[in-house]
Amino acid sequence: MKESLLRLKNSAISLILDTNNQDELEELRIQFLGRNGELTQLLKGLPKVAKEDRPEVGRVANEVKQIIENALMQQGSAAKEQKIKTTLDVTEPGIRPSLGHTHLVTQAITEITEIFERIGFSRVRYPEVEWDWYAFTALNFPDNHPARDDWETFFIDHKPDPKKGTMLLTPHTSSGQIREMVSAVKSQTEGQKAPIEIKMLNIAKTYRRQSDVSHTPMFHQFETLVIGQNISIAHLKGVLDYFVKSYFGSKRTSRIRPYHFQFTEPSFETDVSCGVCDGKGNLPNGEACKMCKEGWLELGGAGMVHPNVLKACGLDPKKYSGFASGWGVERVLTMREGMQIDDIRLLYANDLDFLKQF
Ligand code: FA5
């Protein structure tokens, strides 16, 4: 009898767990626990059980009844919950999906592009995997000159091209100057006789073996190149000032300092006045400003295109002149007032908590 009770319990439980339909659960309750149910039928055989075993069989019968009732109850509330979940309540307020946004660097690139397009520059893109000739030789770097090391270049293990040299990841967007001038000269000799005029904005990924708080191995530069017949340093200073005021705000000013690059003559470093100390270098309480060096923040390089570079691209330096500049996107972004990004590598750490702030 005890075994029959346990078998009855097992079959009841397995049928109960198989359904979450309220009507079917009620049918199972009647089938097992009803007045004429299987448990009652089984207990009708109790008188045939030896007298001394009856208390134990009675205890097991009660336990089986209890277990089946509990299982029916639990499965019943699970069924109710399921029903609630599948019922659509059209009055319930919706859950607003969280919205992402473009990456900080993409935002900066879009803004920089718009600023330069407003004064007639055209955005171009050139290869990230480049030949030495475009990145160095045509930019007036003598063969095997150690200046190539200044750019901490990643060289690619590829058969060198007899004319263009080794393959590399471009360490600066200045290679775009060469591609732009070469293609302007090519299209001119193919029938277009008007004098060459270039107003290029090349924004691209660039690569160097560097990683610290102000350097990442992959970063972006934006390069301007203006070529025409009477281009002077005044044009360069004008564009620099226009960019500084448009991107950083009307209170900021710019300056150029002498510097050296192989591909520009004269060459400059360009600076923007510090927004934290207002270009003074000191805070109102007399303490030195921690953001800048004596009131100025460095933007990047610039200069008048070197005659040898013009010649390498097929342009006559007696007829044409031009200026170029190359600044870091991540650098200008972190230099903006209120950004407070003290480690540039954070931009590429893919930390959503950091990125969501902007
Ligand atoms: C150059 O790359 C020159 N090609 C710039 C130039 C263009 C000069 C046209 C004259 C005419 P420089 O190595 O200083 O110069 O880099 C320019 C800017 O790129 C730096 O001021 C900095 O803002 C940014 N930069 C350079 N290396 C890194 C790096 N590893 N991570 C982030 N930004 C960098």
Side-chain angles (χ1 to χ4, degrees), residues 104-105 108-109 112 116 121 126 130 134-136 138-141 147-154 168-181 198 200-227 231 233 235-237 239-240 243-244 247-248 254 256-272 292-293 296-310 313 321-336 339 341-349:
L104 269 184
V105 173
I109 290 174
I112 292 165
F116 281 100
F121 282 78
Y126 288 118
E130 194 43 291
Y134 293 98
F136 294 119
L139 283 167
N140 197 33
F141 287 78
R148 277 176 174 75
D149 295 343
D150 294 350
W151 269 265
E152 308 233 26
T153 312
F154 287 106
L168 41 85
L169 294 181
T170 195
H172 56 174
T173 41
S174 299
S175 49
Q177 290 184 33
I178 305 301
R179 287 193 172 265
E180 184 76 13
M181 287 187 272
I198 293 174
M200 172 199 88
L201 175 68
N202 177 28
I203 310 186
K205 290 193 175 78
T206 43
Y207 303 84
R208 296 184 193 181
R209 286 180 290 113
Q210 299 169 337
S211 178
D212 58 42
V213 289
S214 53
H215 296 89
T216 46
M218 185 287 295
F219 60 103
H220 296 77
Q221 284 188 339
F222 57 110
E223 182 103 5
T224 65
L225 172 71
V226 173
I227 297 287
I231 303 299
I233 297 173
H235 294 107
L236 160 60
K237 181 67 168 72
V239 169
L240 165 67
F243 172 73
V244 162
Y247 189 75
F248 293 102
S254 69
I256 53 178
R257 288 178 282 123
Y259 199 70
H260 170 76
F261 290 105
Q262 283 293 122
F263 38 95
T264 44
E265 184 57 40
S267 302
F268 309 105
E269 274 290 7
T270 56
D271 295 339
V272 53
C292 63
K293 272 189 220 147
W296 295 97
L297 298 160
E298 195 185 296
L299 262 184
M304 301 308 292
V305 180
H306 197 291
N308 288 352
V309 175
L310 293 170
C313 300
S321 58
F323 75 79
S325 64
W327 302 326
V329 173
E330 291 80 358
R331 185 69 57 86
V332 297
L333 169 63
T334 51
M335 272 162 46
R336 232 176 179 182
M339 286 308 271
I341 300 173
D342 42 22
D343 187 336
I344 203 169
R345 290 170 297 189
L346 273 172
L347 293 172
Y348 296 113

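One-based numbering, in listed order, for ligands and for the atoms of each.
- Rounded to the nearest 0.5 angstrom, Arg148 CZ and Gln262 CD are separated by 9.5 Å.
- Taking NE2 of His235 as the reference point, atom OG of Ser321 lies at 8.5 Å (rounded to 0.5 Å).
- Taking CD1 of Ile344 as the reference point, atom OG1 of Thr334 lies at 5.0 Å (rounded to 0.5 Å).
- For ligand 1, the 4.0 Å heavy-atom shell contains residues Trp151, His172, Ser174, Gln177, Arg208, Gln210, Ser214, His215, Thr216, Phe219, Gln221, Glu223, Phe261, Phe263, Thr264, Leu299, Gly300, Gly301, Ala302, Ala324, Ser325, Gly326, Gly328, Arg331.
- Put simply, OG1 on Thr206 and CE on Met218 are 8.0 Å apart, with the number rounded to the nearest 0.5 Å.
- Residue Glu223 holds its CD atom at 9.5 Å from CG of Leu201, rounded to the nearest 0.5 Å.
- For the pair Arg208 and Phe219, the cation does not sit on the ring face, since its NZ or CZ is not both under 6.0 Å from the ring centre and inside 45° of the axis.
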